[in-house]
Amino acid sequence: MKEAIEKTLKAGEILKRVVYEAKDLVKEGVRIIEVAEFIEKKIEEFGAKPAFPCNISINCDAAHSTPKSSDERTFQKGDLVKIDAGAHIDGYIADMAISVDLGDHKDLIKAAKDSVEAAIDLIKAGINTTQIGEIIEDTIKSYGYKPVINLTGHGLLPYIVHAPPNIPNYAAPKGVTLEEGMVIAIEPFATDGVGKVGDRNECEIYSLINLKPVRMKPARELLAEIMEKYRTLPFARRWIKTQNIVMSKLVKEGVIRSYPVLAEISGGKVSQWEHTVIVEKDSARVVTK
Ligand code: MN
Ligand code: MN
């Protein structure tokens, strides 16, 4: 238990440092992939590993966007940029996100950031996730925006980024009571749209969901590589040197799953802020602060 906490805290310390260094790189004209690769490389340099591909989602894209290899896209004037990254040490994960403003989204970003802080102030053993969702919703609405209701915070377990319980970003009924020692990510999204995301037909992130025998040799080799490097953690298409046909075969057979880009369905701009915390008896210990 002590080792788990120490590794989670160390991963959080490294992650926070790297994300804030990367923040200064986000400027008009800079290639998006440059920032993603900076974060992924620096996490390793400091002694942790990426827990998932660095997500850089812009404007109405809310989550699951990571550059493809040889991605030429650059940040544009006016962009609302979300950087969501994770680091792990021996599977103990820290997960955090910030928003960077290249336009005029100060209040939209503040709504997400303040709602995380209000939630963290409330968290301790015995608190129900409905109460957390309620304060997130109230805080975001106090700025005149809406929470994205179908994106949630989550528990973190060794090598599992999205573990129970879900932490809703609105007062969802039938919540779960938090217990001492739980590691959870609080992750609200605020928007000036209707408050819902849907899949966009674009996918650069995958993870292993069901390890079972496969026939094709390149598929077997790919699975061995995934088990060695990522286990059940998400990985980027650009990290893997295999043919598209091998990837789609494994998705079709239910061995790996894909994470399509999630965008606000009405085209609203989306801001995000995220911290990982450890639930303690009387408070929450912020791992990424
Ligand atoms: Mn995250
Ligand atoms: Mn998260």
Is it the case that atom [atom1] in [X] sees more than 12 heavy atoms from other parts of the structure closer than 6.0 Å?
X      : atom1 : value
Lys281 : NZ    : no
Lys7   : NZ    : yes
Arg17  : CZ    : no
Ile245 : CD1   : no

Report the distance from atom [atom1] of [X] to atom [atom2] of [Y], rounding to the nearest 0.5 Å.
X      : Y      : atom1 : atom2 : result
Ile226 : Trp239 : CD1   : CH2   : 12.0 Å
Lys196 : Lys146 : NZ    : NZ    : 12.5 Å
Lys249 : Met216 : NZ    : CE    : 6.5 Å
Asp95  : Leu156 : CG    : CG    : 6.0 Å
Ile136 : Asn169 : CD1   : CG    : 4.5 Å

Exercise for review: Apply side chain to side chain donor-acceptor pair (under 3.5 Å) to the pair Thr74 and Gln76, showing each step before the final yes or no.
Suggested key: CA-CA 6 Å; Thr74 58; Gln76 305 292 312; 3.0 Å; yes
Pair [X] + [Y]: basic N to acidic O under 4.0 Å:
X      : Y     : result
Arg238 : Glu40 : yes
Arg73  : Asp71 : yes
Lys10  : Glu6  : no
Glu45  : Lys41 : no

Review point. Once the angle between the rings of Phe235 and Tyr230 is folded into 0 to 90°, is it parallel (under 30°), tilted (30 to 60°) or perpendicular (over 60°)?
Key: parallel
Least distance between heavy atoms, [X] atom then [Y] atom:
X      : Y      : result
Ser99  : Ile109 : CB-CG1, 3.7 Å
Cys60  : Gly268 : CB-O, 3.0 Å
Gly175 : Thr130 : N-OG1, 3.2 Å
Gly47  : Ile89  : O-CG1, 4.2 Å

Check your understanding: Do the side chain of Lys82 and the main chain of Asp61 share a donor and acceptor less than 3.5 angstrom apart?
Key -> yes
Under a 4.5 Å cut-off applied to non-hydrogen side-chain atoms, are [X] and [Y] in contact?
X      : Y      : answer
Arg237 : Lys68  : no
Tyr170 : Lys141 : no
Val270 : Leu80  : no
Leu151 : Glu187 : no
Thr191 : Ile140 : no

Exercise for review: Say whether Glu179 and Thr177, considering side chains only, have a donor N or O and an acceptor N or O under 3.5 Å apart.
Suggested key: no
